[in-house]
Amino acid sequence: MKGELNNKNAIIKSLTKRLKFLESQRNDSQATLENTQQKFKELTQKVTDSSVHCQALEDNALIETTDHINEFTCKLKKLESALRAVKSEDFCLNREQKELKLTLKELMLQTNKLKDVLSEKMEENSKQHEEILHLKHENGCLKNELALAVEKAERKDELYQFAKSKQARIEKELSSLRQVQP
């Protein structure tokens, strides 16, 4: 009887030790889970912020560039129209020939300046487009990171649930052993 009691005490000690180990493991898992949830939250916020920033930049760049192109195209058409008018009048008006030539030269300079500005705006639009593509790529990377973080969190949660159920079984065994002990 004493040998059986010692044997049960040894089992209880072993199970108590195992229970403490599992509780420690569960606490570690809980801390890791909370840490992962915080990282998940931060990554989600980063993805949201990146998406909003990318969309705003894309919209602003598109609107601004379209407005500039329309404005300069309209000015260019007006100047080209004025240039044609000056050229046709140049043949008819000898007295104003010098003035018209100056006007023509001025209009050509303005036209070239506008073409240069238009070219700059197109180049600027191209750079903004590259930046948008870069931001979209970065956004895709962040979404992939988020998906991996979610998957990792789910795995840790499964491990946590497994450890929790194992602990519950050991506690149940320990409780039943304690009830059997006189």
Side-chain angles (χ1 to χ4, degrees), residues 25-164:
Q25 233 182 4
R26 187 187 73 186
N27 289 340
D28 289 348
S29 293
Q30 181 66 31
T32 304
L33 179 63
E34 287 171 4
N35 187 25
T36 304
Q37 286 172 339
Q38 180 61 33
K39 285 182 181 175
F40 172 77
K41 194 175 180 182
E42 288 169 9
L43 264 173
T44 303
Q45 187 60 46
K46 268 188 178 179
V47 167
T48 303
D49 292 347
S50 179
S51 295
V52 168
H53 178 66
C54 182
Q55 188 63 46
L57 186 64
E58 188 176 358
D59 290 349
N60 287 343
L62 196 63
I63 290 166
E64 188 176 307
T65 304
T66 304
D67 288 347
H68 284 304
I69 289 170
N70 288 339
E71 179 185 335
F72 290 119
T73 303
C74 184
K75 283 184 180 178
L76 190 61
K77 283 181 181 176
K78 285 179 183 176
L79 286 171
E80 285 174 345
S81 176
L83 187 61
R84 280 193 299 272
V86 168
K87 281 182 179 178
S88 68
E89 287 176 17
D90 189 52
F91 293 108
C92 303
L93 306 168
N94 287 332
R95 188 172 163 237
E96 294 174 10
Q97 189 175 11
K98 286 183 181 179
E99 290 176 13
L100 288 174
K101 280 186 178 180
L102 285 173
T103 306
L104 177 63
K105 197 172 185 178
E106 215 174 279
L107 287 171
M108 287 175 85
L109 283 171
Q110 287 180 18
T111 301
N112 288 336
K113 281 182 187 175
L114 282 173
K115 283 181 181 177
D116 288 345
V117 171
L118 182 60
S119 175
E120 283 175 20
K121 290 296 175 187
M122 296 290 269
E123 190 175 308
E124 186 180 313
N125 183 39
S126 176
K127 285 178 184 174
Q128 287 174 343
H129 182 68
E130 284 176 22
E131 187 178 347
I132 287 166
L133 289 177
H134 174 72
L135 286 171
K136 283 183 178 178
H137 174 71
E138 192 174 289
N139 192 24
C141 290
L142 285 171
K143 283 181 181 177
N144 288 341
E145 277 183 43
L146 179 62
L148 287 172
V150 168
E151 188 177 304
K152 195 173 179 182
E154 287 172 353
R155 284 185 191 152
K156 285 183 180 180
D157 188 51
E158 285 173 13
L159 283 171
Y160 173 73
Q161 293 302 327
F162 175 75
K164 199 172 165 184

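Among residues at least two apart or in separate chains, salt bridge (Lys or Arg N to Asp or Glu O under 4.0 Å) pairs with a member in residues 142-152 are Glu151-Arg155.
Test Gln38, Lys46, Lys39, Gln45 against Glu42 for side-chain hydrogen bond (donor to acceptor under 3.5 Å, both in side chains) and you get one pass: Gln38.
Between Leu114 atom CG and Leu107 atom CG the span is 10.5 Å, to the nearest 0.5 Å. With values rounded to the nearest 0.5 angstrom, Glu131 atom CD is found 12.0 Å from Ser126 atom OG. Between the OG1 atom in Thr73 and the NZ atom in Lys121 there is a gap of 13.0 Å [rounded to 0.5 Å]. Expressed to the nearest 0.5 Å, how far CD1 of Ile132 lies from CG of Leu57 amounts to 5.0 Å. Taking NE2 of His129 as the start and CG of Asn125 as the end, the distance is 8.5 Å to the nearest 0.5 Å. One distance of note links OG1 of Thr32 with CG of Asp28; it measures 6.5 Å at 0.5 Å rounding.
The minimum heavy-atom distance linking Thr65 with Gln128 is given by the pair OG1-OE1, 3.5 Å. Scanning all heavy atoms of the two residues, the minimum distance from Leu142 to Val47 falls at CB-CG2, 3.5 Å.
Residues Glu71 and Lys75 are paired through a salt bridge, judged by an N-O separation under 4.0 Å between the basic side chain and the carboxylate.
Side-chain atoms of Ser119 never come within 3.5 Å of backbone atoms of Lys115 as a donor-acceptor pair (strictly under, hydrogens ignored). Although no hydrogens or angles enter the test, the distance criterion places a donor-acceptor pair under 3.5 Å between the side chain of Asn70 and the main chain of Thr66. Of the possible polar contacts, one joining the Thr44 side chain to the Phe40 backbone as a donor-acceptor pair under 3.5 Å is found.
The environment of CD in Glu123 is sparse: at most 12 heavy-atom neighbours from other residues, nucleotides or ligands sit within 6.0 Å.
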Practice task
Would you please test His68 and Glu124 for side chain to side chain contact (heavy atoms under 4.5 Å, CB included) and show each step?
Solution key: CA-CA 11 Å; His68 284 304; Glu124 186 180 313; 5.8 Å; no

Exercise. Please test Gln37 against Lys41 for side chain to side chain contact (heavy atoms under 4.5 Å, CB included), starting from the C-alpha separation and ending with a verdict.
Key: CA-CA 6 Å; Gln37 286 172 339; Lys41 194 175 180 182; over 6 Å; no

Exercise for the section: Mind running side chain to side chain contact (heavy atoms under 4.5 Å, CB included) on Asp67 and Ile63 for me, showing each step along the way? Expected result: CA-CA 6 Å; Asp67 288 347; Ile63 290 166; 3.7 Å; yes

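Partners of Lys156 by side chain to side chain donor-acceptor pair (under 3.5 Å), not counting sequence neighbours, listed by chain and number: Thr36.
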